[in-house]
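Notes follow the structure.
Just so we're on the same page: letters track the sequence lines, and every chain starts at 1.
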There are 2 protein chains.
Amino acid sequence: MDELPTRDRLIFAALRLFGEKGYLSTSVQDILREAGANSGSLYHAFPTKQDLLVAVLETYRQGIEPMLLAPAWAGVEDHIERVFALLGAYRGMLAATDCLYGCPIGSIALELHEPDPPVRELLSKNFDGWVDHVERCLVAAGDRLPADLDRRGLAVFTLTTMEGGVMQSRTHRTLDAFDASISHLRDYVRRLEQAASAGRSDAAQGTTG
Amino acid sequence: MDELPTRDRLIFAALRLFGEKGYLSTSVQDILREAGANSGSLYHAFPTKQDLLVAVLETYRQGIEPMLLAPAWAGVEDHIERVFALLGAYRGMLAATDCLYGCPIGSIALELHEPDPPVRELLSKNFDGWVDHVERCLVAAGDRLPADLDRRGLAVFTLTTMEGGVMQSRTHRTLDAFDASISHLRDYVRRLEQAASAGRSDAAQGTTG
DNA sequence: CGGTCCCTTGATTGATCATTCAACCAAGCA
DNA sequence: TGCTTGGTTGAATGATCAATCAAGGGACCG
């Protein structure tokens, strides 16, 4: 029944609050209250609030696989469906929070206009890690997608779709924009699959394009 | 040689600063310095800082057509190319500012996690106005796009692409993510045009799908 | 028992923030 | 000339913020 160490409680409290109210709008007092700690403890563990943010971003990055992907992909074997299952997980978070809670990384990324190098680098790494996982799905899809498709680029485009959709849905307080975005991405991928399929039968017939 | 009235100088100063550093990170002092005014003048014109934000969002919305679309569309007659010319304008802003200045509406939208009703409504209206213009282009494209295409949805998806691309490019400080996103959107639209074209020749031959 | 190490406590500090206000100015009018 | 109205001045106010620090607690070791 031992509580988590104070340092970890602070990280998780900050993680939650930064995602919910943003970095700048979350005061150190808010974090202390949420974590049940005192300011001295926070500043014993972290030199500044920004160093706590760094720890949060590192924690979030490490949590992408076990906390986000694993549950989203449980029971989903199809590589392409996994991409949309991931997007569905974000939809679930939006739906569960009345379109308030989207992607904390995106929020923080747009909130910090002069981010110090370490913070920006970690935001980059978070985005990259996400894109890496999607790219792996798209690569695993093999010849279901056109051979000459830029799969990394499509993975980036997938993140773009998620973040842009979340932004609009949070603003409008409706899932409409998110759903419209995802359904168009899905349409695009379907057309890519059709093109790849057509390409394959062309090749089987020995025809050239 | 008369200067702009103080009230307008304040709005334009705030517009610039909110876009550059965000709403929360811009202090009233910053705005006063930039506008060359005193706090009393600001609070004579606006009850609170947030009311100034409201005025800024209204001003921005009215400026979308004359300040953003008009220059982006000068000399571009093709309806579909206009969509990408608009996206190109954002690319130009990113390029000119080292990927620092993207879309102020998007920044503010993600920055304000508990936006009061008037602010959120104005953010919504800004997004809607942007989407309206793109939708009009897509509608004007007529049968170059599939007849059953959800054009409003594609316009929303275009905004999604822009905002998501800007977010990533600002974070990575590279145009790569923005360019990748746009080029995939372009690929998607190209495939839609091909499908529409195929559908038209089917119809001309009297075949059915 | 005393000593050391790690961590916690919580009042305090000083900076910064949005906002206020009494005084002031200039133009228009009588 | 004096009154009114709309706008300006900038120091002052009080709230809030991140960060500090002297004091203490308790576990472990001799």
Side-chain angles (χ1 to χ4, degrees), chain A residues 1-57 59 107-108 111-119 122, chain B residues 1-57 59 107-108 111-119 122:
Chain A
M1 209 50 193
D2 237 344
E3 274 277 12
L4 239 43
T6 303
R7 191 191 141 89
D8 293 339
R9 289 209 319 278
L10 287 165
I11 289 178
F12 289 120
L15 176 54
R16 209 183 72 74
L17 290 169
F18 290 167
E20 190 178 304
K21 338 196 315 171
Y23 174 70
L24 292 172
S25 302
T26 299
S27 73
V28 169
Q29 285 301 328
D30 292 334
I31 300 167
L32 298 175
R33 201 179 312 117
E34 174 91 6
N38 289 88
S39 62
S41 295
L42 192 156
Y43 287 96
H44 178 77
F46 306 100
T48 70
K49 184 188 177 189
Q50 184 179 293
D51 289 286
L52 172 58
L53 171 61
V54 166
V56 163
L57 290 175
T59 302
S107 302
I108 295 170
E111 191 176 8
L112 302 179
H113 290 241
E114 301 165 353
D116 296 52
V119 172
L122 270 166
Chain B
M1 208 51 193
D2 236 344
E3 274 279 10
L4 238 45
T6 303
R7 191 190 142 91
D8 293 338
R9 290 209 320 277
L10 286 165
I11 290 179
F12 288 121
L15 177 54
R16 209 185 71 74
L17 289 169
F18 291 167
E20 187 178 305
K21 338 194 318 173
Y23 174 70
L24 293 171
S25 302
T26 299
S27 73
V28 170
Q29 284 301 326
D30 292 334
I31 300 167
L32 298 175
R33 202 179 311 116
E34 175 91 5
N38 289 89
S39 62
S41 296
L42 193 156
Y43 285 94
H44 178 76
F46 306 100
T48 69
K49 184 189 177 190
Q50 185 180 293
D51 290 287
L52 172 57
L53 171 61
V54 165
V56 163
L57 291 175
T59 302
S107 302
I108 295 170
E111 191 177 7
L112 301 180
H113 290 243
E114 301 166 355
D116 297 52
V119 173
L122 270 167

Please report the distance, rounded to the nearest Å, between CG in A:Leu53 and P in D:dA18. 13 Å
Nucleotide C:dC17, atom P - distance to CD1 of B:Ile31 in whole Å: 11 Å
Distance, rounded to the nearest Å, where A:Leu42 contributes CG and D:dC17 contributes P: 14 Å
Would you please confirm or rule out a distance under 4.0 Å between OP1 or OP2 of D:dT8 and any side-chain N or O of B:Thr6? yes
Residue pair A:Thr48/B:Gly40 against DNA chain D: nearer the 5' end by closest nucleotide is B:Gly40
Which nucleotide sits closest to the side chain of B:His44: C:dC7, D:dA18, D:dT8? D:dT8
If we ignore angles and hydrogens, is there a donor and acceptor under 3.5 Å between the side chains of B:Ser41 and B:Asn38? no
Distance check needed: D:dG7 P versus B:Leu32 CG, whole Å only. 17 Å
Base, sugar-phosphate or nothing for B:Ser41? Non-hydrogen atoms, less than 4.0 Å. base
Length of the line joining B:Leu10:CG and D:dG7:P, which is rounded to integer Å: 13 Å
In Å, rounded to the nearest 0.5 Å, how long is the span from OG of B:Ser25 to CG of B:Asp30? 9.5 Å
Rounding to a whole Å, what distance do you find between B:Gln29:CD and D:dA12:C1'? 13 Å
Within the structure, does a side-chain N or O atom of A:Asn38 lie under 4.0 Å from either OP1 or OP2 of C:dT8? no
Contact summary for B:Thr48 and B:Tyr43, nearest pair of heavy atoms: CA-CE2, 4.0 Å
Side chain of A:Lys49: nearest nucleotide among C:dC17, C:dT19, D:dA18? D:dA18
When all nucleic acid strands are considered with a 4.0 Å heavy-atom cut-off, which category describes A:Thr26: base, sugar-phosphate, or nothing? sugar-phosphate
Looking at C:dT20, I'd like to know if its phosphate oxygens (OP1 or OP2) sit under 4.0 Å from a side-chain N or O belonging to B:Tyr43. no
With distance as the sole test, does B:Arg9 use its side chain to make a donor-acceptor pair with the main-chain N or O of B:Gly36 at under 3.5 Å? yes
Atom-pair distance (CG on A:Leu4; P on C:dC7), nearest Å: 15 Å
Could you check how far CZ of B:Arg7 sits from C1' of D:dT8, rounded to whole Å? 16 Å
At less than 3.5 Å, do the side-chain atoms of B:Ser39 and the base atoms of D:dA12 form a donor-acceptor pair? no
Atom of B:Thr26, atom of B:Lys49 and distance for their closest heavy-atom approach: O-NZ, 2.8 Å
